[in-house]
Structure formats: structure tokens, C-alpha cells
Amino acid sequence: GAVVSQHPSWVICKSGTSVKIECRSLDFQATTMFWYRQFPKQSLMLMATSNEGSKATYEQGVEKDKFLINHASLTLSTLTVTSAHPEDSSFYICSARWRGGSDTQYFGPGTRLTVL
Amino acid sequence: QQQVKQSPQSLIVQKGGIPIINCAYENTAFDYFPWYQQFPGKGPALLIAIRPDVSEKKEGRFTISFNKSAKQFSLHIMDSQPGDSATYFCAASRWSRLTFGEGTQLTVNP
């Protein structure tokens, strides 16, 4: 149980275009989903916290107009990277917290974004 | 974000050895301390987690030792295997927001 999926697993896009990444909790309802970014050989950095039905909370330094997050249901959150640039190339990982209130976060497999 | 410092950056052990990874935190408001394992190109997988009211927790070959007064915690991997070769991250959580350590790249030689 507690499976989180992401789609796509990798994407290559041209500079200036927008890319949408989906995060789904497959076998549980997730009140809260989180989005992280990980550069090569580095740690995970929390970008934003997303609660179902409400606006996402962004970490300091993360541009909310560039990284649009939508959490429309208890099993789906999306991250849209708008007007992507090469410096946005990274590994984007989502996690989901079970509705039951546990602190445990279950992570998705990640999405590799390359902006040319 | 509050810092979580992790050491060593890399670690090489022989099969059967007991690698130990250490983390230290600053914010006493952290209330949940998980460890994650990550393979290249994959998302992190939860190994084991502990709360600050417990000094030790063991699950299978993985043990967390927690020292609340020193604000330190560590991961021990018993009888390590080549398949344990991966990057390990400690983390600390407050209000479910995770702050990760820098990561430790573990290599277990056959």
C-alpha cells in the first residue's frame, strides 16, 4: 500500500514553454501533498505544501507564479512549471501524507525535467 | 528552512559491516525524524522514523538512535549488503514539513 505515482517520469521541453507534472496517490487519500526539487548530487528541497481544495503554501524563494500547484482532489496534485528555462532543469519529486494524520510522507518516483 | 546537518558525505564498508550515519539538528520544535533511502533516478523510500520521546527504534536491520539533549540522531545498518548501496537522507519534520540532511552516499563492497 501507500503508492504514489508521478507522470511523466521524464520530460524534455524548449525554453519558454510550460510543463505539467502530475502526482497521484493510488491507494490512499492524501490531505496534503508536497513538492520537492532535487539537483544532481544534492538533497531534496521543499518547494511547496499543497492541501486539497486550498491554495498551496510556497517556501521562501520559490516563485509561486512560476511553479503553479493545484490540488483539486484527495488523490491528485499537479505542478506546472511555467515559461521554463534551462535553470529549471531538475528532478521534481512529490510526496503525499495520508489523510489519517500520520506524519509519514510517501514519495513518488520523481520526474526528470530537462529544459533546452 | 531550519538546518539538518548530516555526516559523513560518503561511506564505504565491507559486506556485513555496520555503517553509521549521523545527523544533528538545531530546532527543538522538530517532532518527527525519518530516514530515507534513495537509489539513482528514483524517489526516496522511507526506511524508519522516530519521535523525540524515544531513544532507540529498531526495524529489521535498521536502527535509529536518538539523543534529544544533544539534538542528534543516527542510523545504523546491521549486516550491510551490496544491495544497501544507495544515498541515505535523514530528515526532521515540524508540522509535516520535512527538512532534509545533505545525504550520505553509502557503498557496500562484496
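Worth saying up front: this structure is predicted, and the values here are computed from it rather than measured. A note on names: the letters A, B, ... follow the listed sequences, proteins ahead of strands, and every chain is numbered from 1.
- Side-chain contact between B/F100 and A/Q38: absent, with no pair of heavy atoms (C-beta onward) separated by less than 4.5 Å.
- No side-chain donor-acceptor contact under 3.5 Å links A/S43 to the backbone of B/G103.
- Note: B/L98 CG to A/M45 CE = 12.5 Å, rounded to the nearest 0.5 Å.
- In this structure, OG1 in A/T104 is found 3.5 Å from OH in B/Y32, a value given to the nearest 0.5 Å.
- For B/E56, the side chain to side chain donor-acceptor pair (under 3.5 Å) test picks out no residue, with sequence neighbours left out.
- When each of B/A91, B/A49, B/P34, B/P44 is scored by its heavy-atom pairs under 4.5 Å with chain A, the top score falls to B/P44.
- A distance of 9.5 Å separates CG of A/L44 from OH of B/Y36, quoted to the nearest 0.5 Å.
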Under 3.5 Å, which donor-acceptor pairs do the side chains of residues 61-69 of chain A form with other protein atoms, sequence neighbours left out?
from  : atom 1 : to    : atom 2 : distance (Å)
A/K66 : NZ     : A/T82 : O      : 3.0
A/K66 : NZ     : A/S83 : O      : 2.9
A/K66 : NZ     : A/D88 : OD2    : 2.9

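- More than 12 heavy atoms of other residues, nucleotides or ligands lie within 6.0 Å of NE2 in A/H85, so this atom counts as buried by the packing criterion.
- At most 12 heavy atoms of other shown residues, nucleotides or ligands fall within 6.0 angstrom of atom CD in B/Q9.
- Cluster annotation: B/F33 is connected to B/V54 through the hydrophobic network of ILVMFWY side chains, with a link wherever side-chain heavy atoms come within less than 4.5 Å.
- In this structure, B/Q105 places its CD atom where only 12 or fewer heavy-atom neighbours from other residues, nucleotides or ligands lie under 6.0 Å away.
- At a heavy-atom separation below 4.5 angstrom, chain B is approached by A/F107, A/G108, A/P109 within residues 107-116 of chain A.
- Neither the backbone nor the side chain of A/Q6 comes within contact range of chain B; no heavy atom of the residue lies under 4.5 Å from a heavy atom of that chain.
- Applying the side chain to side chain donor-acceptor pair (under 3.5 Å) rule to B/Q6 yields the partners B/T104; only residues at least two apart in sequence or on another chain are considered.
- Contacts of A/Q105 with chain B are made by both backbone and side-chain atoms, with heavy-atom separations under 4.5 Å.
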